[in-house]
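Read the structure below first, then the notes.
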2 protein chains.
Amino acid sequence: MSAIPIYRQEDRHPQAQACAACEVRSSALFGVLDAEGLDRIHTFIASAQLRPDDRVYDRGSPGSAVYTIRAGVVRFERTTERGDRRIVRLAGRGDLIGQEALLQRPYADEAVACTSVQLCRIPRVLIDELATGQASLPRELMLRWQIALDAAESWMADLSAGPARRRLLRLLQRLSAYADASGAIWLPRRDEIGAMLDMTLETASRLISAFRRERVLELNGARSAMLDTAALQHALRAEDGVSSSSGH
Amino acid sequence: MSAIPIYRQEDRHPQAQACAACEVRSSALFGVLDAEGLDRIHTFIASAQLRPDDRVYDRGSPGSAVYTIRAGVVRFERTTERGDRRIVRLAGRGDLIGQEALLQRPYADEAVACTSVQLCRIPRVLIDELATGQASLPRELMLRWQIALDAAESWMADLSAGPARRRLLRLLQRLSAYADASGAIWLPRRDEIGAMLDMTLETASRLISAFRRERVLELNGARSAMLDTAALQHALRAEDGVSSSSGH
DNA sequence: CGAGCCGTTGAGGGGATTCAAGCTCAGTGG
DNA sequence: CCACTGAGCTTGAATCCCCTCAACGGCTCG
């Protein structure tokens, strides 16, 4: 960027340049920092590239860093007492994850890459240090927490209630928010859909097949699909409109 | 408390004395403040008594205060696009609610008293003011956020999956954490159980009846019951043990 | 090329919903 | 005093959605 003084260009750590050029910076945690601030922290931040099913961190492990998602989709899993796993939430581009590390607490969930994922690892000590100087940082952190809380609650409200068909339609609607440049969405494996929506993989498969017949969805390789958003909205309205108003 | 200087006793605002004597103070937000700190803030804090079904705040209304729950149970509700309400989480003694107000955001949920509830209303501006002086306050706030996030995710993980019987057993287990001095738990109305666990009120009623026959539960007036925790644990183990290990 | 993973589809059964009737209990007013 | 009412709870019967069990096909990979 032309605003950066030339004499510092050569001094700057490659990662500092990467941070300055980062396309999610304005919406991410360190959006509040200026170029000088970035210079101070660059050596501690590491960017990483994950492949599908790579773990970001495990539930219960001592948290020493938070992560900003630059690209891709990450899921949060828990294992119930009965031993089956549940996916409780998704996170995507611009989201901050693993914030419990800032409180020196173990991670609350297992975080796993759904798609290929790019993220930045930010050590806890770095945030601690910055928080004393940068007054706006705590507020920024609280905002991230509220975003996560809101996501968890809204996931609960409209992905865990009603008939299987409606839950899956709602999930597709959410996945469309994570669509890539070509408009293709990440389509979970059938058993992953089951873990998200509390249904069996067979039910998920039958529904996906139905949506294909209804032209709501068009498969595009194994884990990718194109959505017909108009047809999706139509199907959702049909779900919400017809049946009785109490319960489901 | 004998540690409080006598000459200040008469000066102290009644609310300041109430705060100093508050039995949840050590676990609540202002546990980090000393007597002097309490003196400064007392005039802004108002305690309130709510009756069942009284609303603390509405979703969407501009948040100007957070609340600490001193006694009772509060539920968070959302209304789905289809028009039916869902209860996404509970909060109880010692919990901080409505934190989104600190970010000058509208409340994310409707908060409603389940039992009779005692709480303290803390204006946003008061927290803003204290945050500049009291360095430990932001950390304390973040901790509350993480507690809320964890509650929402664990609610999702074990109250929204599996057969109706198991979900209701799990709910009873959670409600036992909010039992009063006599050991009695708050028992929701049948349609409220439905809104929490995504089942019809008839199913909830049938299950409650079954639990009474099995001596897991003994009704104790309309909204109150005694739990046999041993029988409850036994029933839960039976649920988790017998059936197949995949799905439910 | 057989093994294993993932997805699809079918048949049958069971658990939860739907529809319906009746019950208790508190509040109200004749 | 007691029928009247309505809200909440219970229970029954029938239906249906979804789960369970099962078989099969496509695909990758050793």
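Within every chain, numbering begins at 1; the chains are lettered A, B, ... in the order of the sequence lines, protein sequences first and strands thereafter.
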[N] [atom2] sits how many Å from [X] [atom1], rounded?
X	N	atom1	atom2	value
Arg189(B)	dA7(D)	CZ	C1'	9 Å
Asp191(A)	dC6(C)	CG	P	7 Å
Leu197(B)	dA16(C)	CG	C1'	13 Å
Arg167(A)	dC18(D)	CZ	C1'	10 Å
Asp53(B)	dA7(D)	CG	C1'	13 Å
Glu192(A)	dG7(C)	CD	P	8 Å
Asp198(A)	dC19(D)	CG	P	7 Å
Arg190(B)	dC23(C)	CZ	P	19 Å

For Thr203(A) and dC19(D), is the shortest distance between a side-chain N/O and OP1 or OP2 below 4.0 Å?
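The answer is yes; a side-chain N or O of Thr203(A) sits under 4.0 Å from OP1 or OP2.
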Taking only N and O in the side chain of Thr200(A), is any of them less than 4.0 Å away from OP1 or OP2 of dC18(D)?
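Looking at the OP1 and OP2 atoms of dC18(D), neither is under 4.0 Å from any side-chain N or O of Thr200(A).
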When you measure from the side chain of [X] to the backbone of [Y], do you find a donor-acceptor pair of N or O atoms at a distance under 3.5 Å?
X	Y	answer
Asp180(A)	Ala184(A)	yes
Tyr57(B)	Gly63(B)	no
Arg167(B)	Gly162(B)	yes

Could you give all pairs that pass the side chain to side chain donor-acceptor pair (under 3.5 Å) test and reach residues 209-218 of chain B, with sequence neighbours left out?
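Checked against side chain to side chain donor-acceptor pair (under 3.5 Å) - neighbours excluded - the pairs reaching residues 209-218 of chain B are Arg165(B)-Glu214(B).
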Does anything in residues 54-80 of chain A pair up under salt bridge (Lys or Arg N to Asp or Glu O under 4.0 Å), and if so which pairs, sequence neighbours excluded?
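Of all non-adjacent pairs touching residues 54-80 of chain A, those that pass salt bridge (Lys or Arg N to Asp or Glu O under 4.0 Å) are Asp53(A)-Arg75(A), Arg55(A)-Asp58(A), Arg55(A)-Glu110(A), Arg75(A)-Glu77(A), Arg75(A)-Glu192(A), Glu77(A)-Arg85(A), Arg78(A)-Asp109(A), Arg78(A)-Asp150(B), Arg78(A)-Glu153(B).
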With salt bridge (Lys or Arg N to Asp or Glu O under 4.0 Å) as the rule and sequence neighbours excluded, what pairs involving residues 226-236 of chain A come up?
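Sorted pair list comes back empty.
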Contact residues, residues 207-223 of chain A to DNA chain C [heavy atom, < 4.0 Å]:
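When residues 207-223 of chain A is checked for heavy atoms under 4.0 Å from DNA chain C, the hits, listed by number, are Ser209(A), Arg212(A), Arg223(A).
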The test is side-chain contact (heavy atoms from CB on, under 4.5 Å); show your working for Val112(B) and Val74(B) and say whether it passes.
CA-CA 6 Å; Val112(B) 186; Val74(B) 171; 5.9 Å; no
Taking only N/O atoms, report every protein-nucleotides 22-30 of chain D pair under 3.5 Å with atom names and distance.
none

By nearest atom, which of the nucleotides dC18(D), dT11(D), dT8(C) is closest to the Ser205(B) side chain?
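Nearest nucleotide to the side chain: dT11(D).
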Going by salt bridge (charged side-chain N to carboxylate O under 4.0 Å, His left out), name the residues that satisfy it together with Asp95(A), two or more places apart in sequence or in a different chain.
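With sequence neighbours excluded, Asp95(A) shows a salt bridge (charged side-chain N to carboxylate O under 4.0 Å, His left out) to no residue whatsoever.
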Go through the steps to decide whether Ser160(B) and Arg86(A) satisfy the test side-chain contact (heavy atoms from CB on, under 4.5 Å), and finish with yes or no.
CA-CA 10 Å; Ser160(B) 83; Arg86(A) 290 232 61 197; 2.6 Å; yes
